[in-house]
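So the structure is just underneath, and the comments pick up after that.
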Amino acid sequence: MLDGLIREEDVAWAAELMGLGPDGFAPVEGDDCRFRAMLRLDTVDFEACPGSGKTTLLVAKLAVLAMRWTYRQQGICVLSHTNAARNEIGSKLSNTAAGIALMRYPHFVGTIHSFVNEYLALPWLRSKGVEVRCVDTEIALAKRWASLPRNTRWALQQANLTESCLIYTQPDYGGGATGRFGPQTPTYQAIVAARRASSEQGYFCFDEMFIWAKELLDSCPETIRTLRRRFPLVFIDEAQDNFLRRRRAVAQATVRRLQPGNLCEFVPKWSHDRPLSER
């Protein structure tokens, strides 16, 4: 379904659209990496140093794709690590009518957190009967800390543990950085009780959503196939910045299991040997 979506004659048009002139992505001194990057839609990582134009090239590709995308229930998924990166992509896309279309259904342009929330964690939690009120680490931790018995708070402070010890890493509300307090201790059990109570009330930390996303994927592997069909083409901007657990959830859902390859990653490379390279 991806054949012919980007043609050689589109490259000059996209370069002009980005304000680079018709030769903006043309080969320079025999180096045609930008030109080839515009055309490729198979699984590939593009590496370049900061400020080399990775996001501009990504937006140029998206503008061409938006112009030819005819599928009404399948979309392009564009993921970024930060809201700033997402806003940059959205701002550049808004310069064309086709680009504006990418900001709406059936497409998705957003952060990895927002993708995991919308398509994995929140639907799974609601299916378990949980009314999600707030996904905010600061608010959730404050609520949990206040619910702890006074002697438990004192014990945690004496052990130099902060509110962050109330973040869990397992769907049974266990794990996390609890220091010397093991699962058999009353302090640990009080921590788990506070985590459980706030979660059942609908208050979650940001990274805890990846735990519930993973539980969904483990419990309902057919979700993988559904997301493959829903988003047959995935782009990740600045993927190198993503934490391992965040990438694992997305990878299972849309990235590493996608076949045949149709993932493009635009990765920062902290060197200046080449402006853009493929690997």
Side-chain angles (χ1 to χ4, degrees), residues 79 81-83 111-227 239-257:
L79 302 176
H81 176 54
T82 64
N83 282 317
T111 64
I112 290 181
H113 262 116
S114 61
F115 177 87
V116 168
N117 286 357
E118 182 171 344
Y119 290 98
L120 298 170
L122 292 180
W124 180 241
L125 287 167
R126 288 167 182 152
S127 74
K128 293 158 68 77
V130 177
E131 180 183 353
V132 180
R133 300 177 183 273
C134 178
V135 181
D136 185 290
T137 299
E138 184 177 352
I139 293 174
L141 292 185
K143 188 174 184 64
R144 294 173 191 177
W145 186 262
S147 71
L148 289 171
R150 181 177 301 177
N151 63 328
T152 301
R153 292 199 299 267
W154 180 87
L156 294 174
Q157 291 169 336
Q158 292 302 304
N160 295 318
L161 292 174
T162 65
E163 291 180 353
S164 62
C165 73
L166 298 173
I167 300 174
Y168 53 88
T169 57
Q170 301 168 7
D172 63 357
Y173 309 102
T178 58
R180 59 184 173 84
F181 300 107
Q184 305 306 318
T185 64
T187 298
Y188 182 90
Q189 293 169 15
I191 290 172
V192 170
R195 294 166 171 175
R196 183 189 303 274
S198 75
S199 297
E200 290 177 348
Q201 293 167 11
Y203 295 87
F204 297 89
C205 298
F206 291 121
D207 285 348
E208 290 168 356
M209 304 307 283
F210 291 91
I211 299 167
W212 302 112
K214 183 179 184 302
E215 186 181 64
L216 166 61
L217 298 178
D218 292 342
S219 303
C220 305
E222 64 273 14
T223 304
I224 304 292
R225 295 189 296 272
T226 300
L227 284 174
Q240 186 170 287
D241 289 342
N242 299 337
F243 295 133
L244 177 60
R245 61 183 176 277
R246 299 179 186 179
R247 298 194 67 185
R248 186 183 300 125
V250 178
Q252 288 180 323
T254 59
V255 180
R256 299 306 179 195
R257 294 185 184 179

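Because only heavy atoms are used, hydrogens play no part in the values below, and waters and symmetry mates are left out as well, while side chains stay in. We number each residue from 1, following the sequence as shown. Remember, it's a predicted structure, so these values are computed and weren't measured experimentally.
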What pairs with Tyr203 under ring-ring contact (aromatic ring centres under 6.0 Å, His included), at least two apart in sequence or on another chain?
->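 Listed in chain order: nothing, the list is empty.
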Atom of [X], atom of [Y] and distance for their closest heavy-atom approach:
{"X": "Met209", "Y": "Leu125", "value": "CE-CD1, 3.8 Å"}
{"X": "Asp136", "Y": "Glu138", "value": "OD1-N, 3.0 Å"}
{"X": "Ser199", "Y": "Tyr168", "value": "OG-OH, 2.9 Å"}
{"X": "His113", "Y": "Asp207", "value": "NE2-OD1, 3.1 Å"}
{"X": "Ala142", "Y": "Glu163", "value": "N-OE1, 4.2 Å"}
{"X": "Leu161", "Y": "Ala177", "value": "CD2-O, 4.0 Å"}

Atom pair [atom1]/[atom2] of [X] and [Y] - distance to nearest 0.5 Å:
{"X": "Leu141", "Y": "Cys205", "atom1": "CG", "atom2": "SG", "value": "4.0 Å"}
{"X": "Leu156", "Y": "Ser164", "atom1": "CG", "atom2": "OG", "value": "10.0 Å"}
{"X": "Ile139", "Y": "Ser198", "atom1": "CD1", "atom2": "OG", "value": "12.0 Å"}
{"X": "Trp124", "Y": "Leu217", "atom1": "CH2", "atom2": "CG", "value": "10.0 Å"}

Return the set of residues passing side-chain contact (heavy atoms from CB on, under 4.5 Å) with Pro171 (not counting sequence neighbours), or none when no residue passes.
->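 side-chain contact (heavy atoms from CB on, under 4.5 Å) list for Pro171, sorted by chain: Ile211, Trp212, Glu215.
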With Gln157, which residues qualify under side-chain contact (heavy atoms from CB on, under 4.5 Å), at least two apart?
-> Trp145
With side chain to side chain contact (heavy atoms under 4.5 Å, CB included) as the test, would you mind laying out the steps for Arg126 and Leu122 before giving the verdict?
-> CA-CA 6 Å; Arg126 288 167 182 152; Leu122 292 180; 3.9 Å; yes
Exceeds 12 heavy-atom contacts within 6.0 angstrom, atom CD of Glu200 |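 Enclosed.
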Would Glu208 and Arg195 satisfy side chain to side chain contact (heavy atoms under 4.5 Å, CB included), going step by step from the backbone distance to the final call?
-> CA-CA 11 Å; Glu208 290 168 356; Arg195 294 166 171 175; 5.7 Å; no
Partners passing salt bridge (Lys or Arg N to Asp or Glu O under 4.0 Å) against Arg133 (at least two apart in sequence or in another chain) |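 With neighbours one apart ignored, the set is Glu131.
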Counting only N and O atoms by type, is there a donor-acceptor contact under 3.5 Å from the side chain of Thr137 to the main-chain atoms of Phe206?
-> yes
Side-chain donor/acceptor pairs under 3.5 Å, residues 180-191, sequence neighbours excluded:
{"unit_1": "Thr185", "atom_1": "OG1", "unit_2": "Gly182", "atom_2": "O", "d": "2.7"}
{"unit_1": "Thr185", "atom_1": "OG1", "unit_2": "Tyr188", "atom_2": "N", "d": "3.2"}
{"unit_1": "Tyr188", "atom_1": "OH", "unit_2": "Gly175", "atom_2": "N", "d": "3.1"}

Starting from the C-alpha separation in whole Å, work towards a yes-or-no answer on side chain to side chain contact (heavy atoms under 4.5 Å, CB included) for Val135 and Asn117.
-> CA-CA 9 Å; Val135 181; Asn117 286 357; 4.3 Å; yes
Residues two or more places apart in sequence or in another chain: which of them pass side chain to side chain donor-acceptor pair (under 3.5 Å) with Thr152?
->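 Partners of Thr152 under the side chain to side chain donor-acceptor pair (under 3.5 Å) test: none.
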